[in-house]
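Below you'll find the structure, written out as C-alpha cells, and then a few comments.
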Amino acid sequence: MSNQVRVRFAPSPTGYLHVGGARTALFNWLYAGNQGGKFILRIEDTDEARNTPEAMAAILDGLRWLGLDWDEGPEVGGDRGPYYQSQRKGIYDAYLAQLEAADRVYTEENGAVRFKFSREPITIPDLVCGDVALAGTEEPDMTLRRPDGSYIFHFVNVVDDIEMGITHVIRGEDHLSNTWKHIDLFHAFGKTPPVYAHIPLILNPDGTKMSKRDQGASVVSYMDAGYLPQAVFNYLCMLGWTPKAETEKLSAREMATLFDPKQIHSANARFDEKKAVWFNAQYLRELPQDELYALARPFLVKEGFSIQNEDMAARAVYSVREKISLLGELKGWTHYFFNEDYPYEAEVVTKLNAKTENKALLQAAAETFASMNQWDETSLHDALEKTAAAQSVKAGALMPLLRFALTGQNRGPGVTTILDLVGKDSSLRRIERTLQTV
RNA sequence: GACCCCUUCGUCUAGCGGUUAGGACACAUCCCUUUCACGGAUGCGACACGGGUUCGAUUCCCGUAGGGGUCGCCA
C-alpha cells in the first residue's frame, strides 16, 4: 500500500452541479495535483428515488467544463470500482457482516439495521477548523441499512472511503457535524480515519445560505451567461483561499502548485458576482481571435444573428473583446455588424439633430467614401482626416457622427475598424439610411 | 432545544503579541482617448461587543451578540 494521496468528489446525482459542489471538487482536484495524488469521482446514488440520468450527465458535464478530469471514476474506470454506489451492494453487505461479527449492530423489528455508537469522546482532526473535540454522543444509534436492504449515506460513504483508499476528505462544512459518526465507523472497522478538511460554505451576496433556487447556484448558469471555465475555476478557488502569490489570477496548474488546504479561510464566503465577472474579463481579453470566436459564435447564433462571413464575424467579435466582460454581453456590442436595420438609440438621434451641419458632415464623408478605391483602416483614417479638414472641423467632431450613423450607438470599436469590417457598400447604405431616417 | 463551525474595509481576504492593519474586486477622482472600454495614478474604506491575560492585543482565554451548520430508515 503506497502512501499516495487519494481524494474524491462524491456527488449525488439528484440535480445540477451546484457551485458549492464545484468548489469542493476544485479543491480536491487541486490537492491531488499538489500532492501528485489521485482525484477520484464517486457517484453516491443509493437513493434510487431521487437519482436521474439527466442529473448524472449534468454533473459530469459541469466537471468537465471546469476542466476537472478524474483519475478514477465513471467513464474512466479504475481498479477500485465500481464507482457507482448503486453497484456496490455486495461490498456493503460484507462490511456490514464485519460489524455484525463485532457485535456493533442490531436489527430492529422492521428489519432496519442500526450501528451502536461507541459513545466515547471523539476528536475530529481538521485541516481547516483545527481539532474539534466532541463529548460522547447522546444521539440515538444511527441506521446503517433500511428494511429494504438499501444502505444509508454515512455507512456507504465510510465503506467506500476505506475501499477506495481515500487519504484526505475535503468536503463542505455542512458535513462537519456528522464526521464523528464516520470516525466512529472507521474505528469499528479497525481503520484509521482519513485526514479531514471541511471547507466553508458559499453564501448569497446578502449572507443567506445559497440554495438550489438562488441566482448563480448552478454551474450551468455560468455557462449560459458566457463565463469562461477558467474564470469560474479561478474565482471559485479565490473564495476562501488566498494563495501566497503576486496575483489572484492564476492558472489551474499554478493553483495546484500553490494549494494548501490549511490556508483555506474558515469562515463562510459570500458570492461576489462583480469579482467573478472581473476574472472573466481578464481571461476573455487574452484569448486569440480564433479561440474567442469559437466560444463566442454560439452566443451570436443564439441571438439570431445571420453570419454571412465567418472571418468578418470573428474580427467583429475580436474588435470588442475589451468592451465586454461576459460573452452574453456580445449582443449589444455586435448586433449592428450583422444587421443593417439596427435601431438608433435616443441619445444618438438627439446628438445628430443637435447641429444642422451634422448631416452635411455625414454627407461629405459619404462622398469621400464613395470615391475610394482602397478600403482599409489606414486609407480610411487618412480619408477621414482630409474630409474633416476640408469641412473645417476636427476629426474628433466627425468620428462620433459616423459612429452614430454606422451603428446607431455611441459606443463601440474605432470608427475606421467598423468601416473596414462592414465594407464600403454597407457603410454607404448605413450613412444614407441615417440621413433619410434620423 | 442540544451540539459544532465562524466573525478584519461594501465583498473576498493577508495578518499568526509590538504593522502608518497589506492586497484584490467594487466605488470615486484624475490621466490616456474619435465613443465605449482597456490601461495607469490617486483616494475612500475594517479588526462585532464586553471582560480578562500581558509592559503591550486584530492576534491568546472567557462571555455576549450575530451568521452558518448538524441532530433522517436524504445525500
Side-chain angles (χ1 to χ4, degrees), chain A residues 10-15 21 43-47 49-51 85 108 110-114 124 126 128-130 132-135 137-140 142-148 150-154 156-157 171-181 198 200-203 205-210 235 237-249 263 265-279 281-282 285 320-325 332-333 348 351 381 384-385 388 394-404 407 409-418:
Chain A
S12 181
T14 55
I43 306 302
E44 308 219 332
D45 56 351
T46 56
D47 187 356
R50 304 200 316 163
N51 299 143
Q85 290 185 332
E108 302 198 297
N110 68 0
V113 177
R114 284 183 184 265
I124 304 166
D126 192 285
V128 176
C129 302
V132 180
L134 278 350
T137 186
E138 291 177 18
E139 284 184 27
M142 75 171 156
T143 305
L144 259 30
R145 197 182 69 180
R146 304 183 186 90
D148 69 1
S150 62
Y151 290 94
I152 299 302
F153 163 71
H154 301 297
V156 295
N157 189 269
R171 64 183 10 165
E173 196 204 292
D174 50 336
H175 288 286
L176 182 59
S177 295
N178 280 323
T179 299
W180 64 269
K181 298 175 184 175
H198 286 94
L201 275 19
I202 299 178
L203 270 27
D206 66 0
T208 57
K209 186 194 178 187
M210 184 180 271
Y235 173 67
C237 288
M238 294 305 115
L239 217 47
W241 175 54
T242 308
K244 302 281 186 245
E246 287 295 305
T247 174
E248 290 186 15
K249 181 173 171 291
Q263 293 172 343
H265 197 245
S266 45
N268 291 342
R270 301 182 190 207
F271 190 88
D272 182 359
E273 188 183 8
K274 289 256 182 66
K275 190 157 184 175
V277 165
W278 176 80
F279 270 108
Q282 300 302 306
R285 71 173 73 103
V320 299
R321 70 189 181 286
E322 287 186 344
K323 324 247 178 226
I324 60 168
S325 298
W333 291 89
V348 168
K351 287 195 173 165
H381 190 82
L384 282 175
E385 291 286 353
K394 287 186 290 187
L398 183 55
M399 296 290 194
L401 301 179
L402 279 168
R403 179 189 310 288
F404 296 159
T407 70
Q409 330 191 130
N410 57 12
R411 61 204 161 83
V415 169
T416 52
T417 301
I418 299 169

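All chains are named by letter (A, B, ...) in the order of the sequence lines, taking the proteins before the strands, and each is independently numbered beginning at 1.
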Residue pair A:T179, A:H198: steps toward the side chain to side chain donor-acceptor pair (under 3.5 Å) verdict: CA-CA 10 Å; A:T179 299; A:H198 286 94; 3.1 Å; yes

Classify A:E44 by what it touches in the nucleic acid, base, sugar-phosphate, or nothing, heavy-atom distance under 4.0 Å. sugar-phosphate

Just call it for A:P413: base, sugar-phosphate, or nothing, with non-hydrogen atoms closer than 4.0 Å on any strand. base

Does A:N110 make a side-chain donor-acceptor contact with the base of B:C73, cut-off 3.5 Å? yes

Over 60° means perpendicular and under 30° means parallel, so classify the ring planes of A:F153 and A:H175, tilted if in between. tilted

No-H, no-angle donor-acceptor pair, A:R403 side chain to B:U34 base, under 3.5 Å: yes

Which comes earlier along RNA chain B counting from the 5' end, the contact point of A:R270 or that of A:K209, where each point is its nearest nucleotide? A:R270

Pick base, sugar-phosphate or nothing for A:E139, based on heavy-atom distances below 4.0 Å to the nucleic acid. sugar-phosphate

N/O to N/O distances under 3.5 Å, protein versus nucleotides 39-44 of chain B:
from	atom 1	to	atom 2	distance (Å)
B:G39	OP1	A:R285	NH1	3.3

Measuring only the C1' atom in each nucleotide, how far is B:U8 from B:C47? A whole number of Å is fine. 4 Å

What I want to find out is whether A:E248 reaches A:K275 closely enough, with some N-O distance under 4.0 Å, to be called a salt bridge. yes

If only side-chain N and O atoms of A:H265 are considered, is one of them under 4.0 Å from the OP1 or OP2 phosphate oxygen of B:A14? yes

Work out how far the C1' atom of B:U70 is from that of B:A75, and round it to whole angstrom. 13 Å

Name the residue closer to the 5' end of RNA chain B, choosing between A:G414 and A:N268 according to the nucleotide with the nearest heavy atom. A:G414

Considering every strand and a 4.0 Å limit on heavy-atom distances, what is the contact class for A:D126: base, sugar-phosphate, or nothing? nothing

Do A:T407 and A:R403 get their side chains close enough for a donor-acceptor pair, meaning under 3.5 Å? no

If I pick the C1' atom on B:A48 and the same atom on B:C6, what distance separates them, to the nearest angstrom? 12 Å

Check this one for me: any side-chain N or O of A:R145 less than 4.0 Å away from OP1 or OP2 of B:C73? no

Tell whether A:K275 reaches the base of B:A24 with its side chain through a donor-acceptor pair below 3.5 angstrom. yes

Can you tell me, in whole Å, how much space there is between the C1' of B:C55 and that of B:G50? 23 Å

Can you find a donor-acceptor pair, distance only, under 3.5 Å between A:K323 side chain and B:C36 base? yes

